[in-house]
Number of protein chains: 2
Amino acid sequence: MASRSGKKGAGQSERPARLIDVAHRAEVSRATAARVLGGYGFVGGETRERVLAAARELNYSANVVARAMRAGRTQTIGVVVADISNSFFSHATRAIIDTAAKAGYQTLVLNTDDDLAKEIDAVRVLVEKRVDGLIVVPSSPTRYDHLVQEGELAKPLVLLDRRVEELHVPVVCTDDRGGARAAVELFLARGHTRIGLLVATAAARGGPQAPQPDDAVSTVHERVAGALEAIDARRARQPAIRYCRSTIEEAREGALALLTHKTPATAILATNEEMTFGVLAACDELGLAVGKDVSLVSFDDTPWSRAIAPAISVVRRPVYELGHAAASALIREIRGEGRSGEILLPVELIDRRSVAKHAKRAR
Amino acid sequence: MASRSGKKGAGQSERPARLIDVAHRAEVSRATAARVLGGYGFVGGETRERVLAAARELNYSANVVARAMRAGRTQTIGVVVADISNSFFSHATRAIIDTAAKAGYQTLVLNTDDDLAKEIDAVRVLVEKRVDGLIVVPSSPTRYDHLVQEGELAKPLVLLDRRVEELHVPVVCTDDRGGARAAVELFLARGHTRIGLLVATAAARGGPQAPQPDDAVSTVHERVAGALEAIDARRARQPAIRYCRSTIEEAREGALALLTHKTPATAILATNEEMTFGVLAACDELGLAVGKDVSLVSFDDTPWSRAIAPAISVVRRPVYELGHAAASALIREIRGEGRSGEILLPVELIDRRSVAKHAKRAR
DNA sequence: GTGAAAGCGCTAACAG
DNA sequence: CTGTTAGCGCTTTCAC
């Protein structure tokens, strides 16, 4: 006698009902019960009703981990991001969760703080958990051993927002290069010649620095490259660049450096939210008015960037679409419906009030 | 012959190595291999080394789903929030993920958009996935059947940010009542008598409304109640209240209503980020200066609320701590280390520049 | 300190 | 259309 909850009561007994308990109560075999509860195969109408009734009466809840073990699929994906509390990642993740859920997958979220060691650990955990696929925002542009996993447990993988050299898996990115180029072209068109780039990168060490850290992720390269393209096309003066970690404080220092140089920048491209606040703080400190003394374009549109005065001009990235595309690509890959190559989403320069025509600046 | 990867090669064979493959290669039993790989029981030093070496050579990755099935624990928790892309939830979730990870749990995240049907579904999925516990931000203050789950599959559960009447499980909240009270006390102390409350709630239907929707979550009640406490204590004039869904557009309409009333509000408490932007937009439209013509206090501190001009006074909630406390309580419960009651975290009123002394306002 | 064997709950051949 | 049965990979008594 294997049954335990199949007595008479409505399921108040010791342990949760299992498939076999439902089968007994409905007086069918486990296979039949499994077919109706699992939603596959063919079962007669009356039998199906009996099973459904029994399941309801016993308050049956399918044990998905047993199913996963048997089927070899967990219907779970893993998302590895730098920091879910960051607005860019949280919006992209929202899209991923939604898209995955619609396709029957749940989503495990792990943070790396852009630390390779944490990323390696996260991927290991996810692989051990036997997720059906991973979406990773890689913290290193070159290190990817943990993502290919010699041997046979390589899982479907999609990279989000950043490329990894030599790793040929689907990547979903935005056209950051084009966005930076457009921003700088706008500066140039408005007569600015002394352009500053305030670039966030986890690879920066010990305060704002001029040389590009060589382990900066692809997004950093792209944005700088885009800005330089615009400059070179117009044979304009080379920009001043400061790389710093993504904190408002470091950004403020970086912006201060750009703004107090002997040939101070009159226009600054800030590569994310923190950098933008840094510029705002520095301008405030220096008594400089944004949109007048200092022009500013920032990456990523947010409610506040259009609500504040002056409204900030931004390079808008389609963040939800980015996450959606990544999840779609991953699910396609999981289902063996063909691999995507690189997906490049267009960005949009929204010119608001923070970019002024260049005029001699009072110091 | 059960083995398949245990041949000679370094694990390049067809399928991922299993425990038994490692055992064979190390020339020990499955039990012994399991002991060293699972990190329990006693195994001789030399034997342990052999097993570890074999695992490495075969690129062994523990199958955690098999382990979960056997052990009855998945080392996974579920988090059910309204919207992970919302900054409050994303910060709380970040804390939950971190705290859980430190204790060896991974986190599934699901969104409800404050829709009860989605919440019910999310909980069902999570229970089927056999998570070890759940953290839920309940979308209804009264409906909780899906959370208690008649029968035996009730999982350890902690409520985040919102209470549910009659549901006696651990709840982790912030002192929103006290925060609202403090905000209104500040208005009163500065001489304001016509106070407006702009309250976000998913329960609002069809534009800003005056009566409180009766299925508004506890946080809504608390904030309004706190505001009224301050008013009643000073026998001040009753506030004008507008309830609206959490969008900038509805907030703008609500704020417009408050500001263009025949006795317009001179001070507004906005219960979240969207409400705050709505007030900002309305003031802009009406040509009113925040921090001068209109005073404003907002719930939740953010980088922009201190960066914009004027810097917005806010009721700061300890969001990370909130998530951390919820995860800690849940893990304690999962481990049977005793149940927490209600945890109430203190808030802090940060007075910046958006609350002016009352003066006759030019219309 | 190590091994043998039972079984977690489910699915998928295969047989009828 | 329905039943029988053999595992999925791992842990865990219980012996030795």
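Order of the sequence lines fixes the chain letters, A, B, ..., with proteins taken first and strands second; residue numbering starts at 1 for each chain.
- Side-chain N/O atoms of B:R35 and base N/O atoms of C:dG3 include a donor-acceptor pair closer than 3.5 Å.
- Between B:R48 and the phosphate of C:dT2, there is no side-chain N or O to OP1/OP2 separation shorter than 4.0 Å.
- The interatomic distance linking B:D21 (CG) with D:dC8 (P) rounds to 11 Å, in whole Å.
- Contact annotation: A:Y60 side-chain N/O to C:dC10 OP1/OP2 distance is under 4.0 Å.
- When the nucleotides D:dC8, D:dG3, D:dT11 are ranked by their closest atom to the side chain of B:R15, D:dC8 comes out on top.
- Closest to the B:M69 side chain, of the nucleotides C:dG1, C:dC8, C:dG7, is C:dC8.
- The nucleotide whose nearest atom lies closest to any side-chain atom of B:R70 is, among D:dG9, C:dT11, C:dG3, D:dG9.
- In this model, the phosphate group of C:dT2 is approached by a side-chain N or O of B:T47 to a distance below 4.0 Å at OP1 or OP2.
- Summarising the geometry, the separation between CG on B:L19 and P on D:dT12 is reported as 12 Å, rounded to the nearest angstrom.
- With D:dT2, D:dT12, C:dT11 as the choices, the nucleotide that has an atom nearest any side-chain atom of A:A34 turns out to be C:dT11.
- One can place CZ of A:R73 at 15 Å from P of D:dG9, the figure rounded to the nearest angstrom.
- A sub-4.0 Å separation between OP1 or OP2 of C:dG3 and a side-chain N or O of B:S29 is present.
- The residue from A:T32, A:V36, A:L37 that alone fulfils the side-chain contact (heavy atoms from CB on, under 4.5 Å) condition with A:R48 is A:V36.
- A salt bridge does not link B:R335 to B:D132: none of the charged nitrogens lies less than 4.0 Å from a carboxylate oxygen.
- A:A31 comes within 4.0 angstrom of a nucleotide base, judged by non-hydrogen atoms across all strands.
- The side chain of B:N63 lies closest to D:dC10, out of D:dG3, C:dG9, D:dC10.
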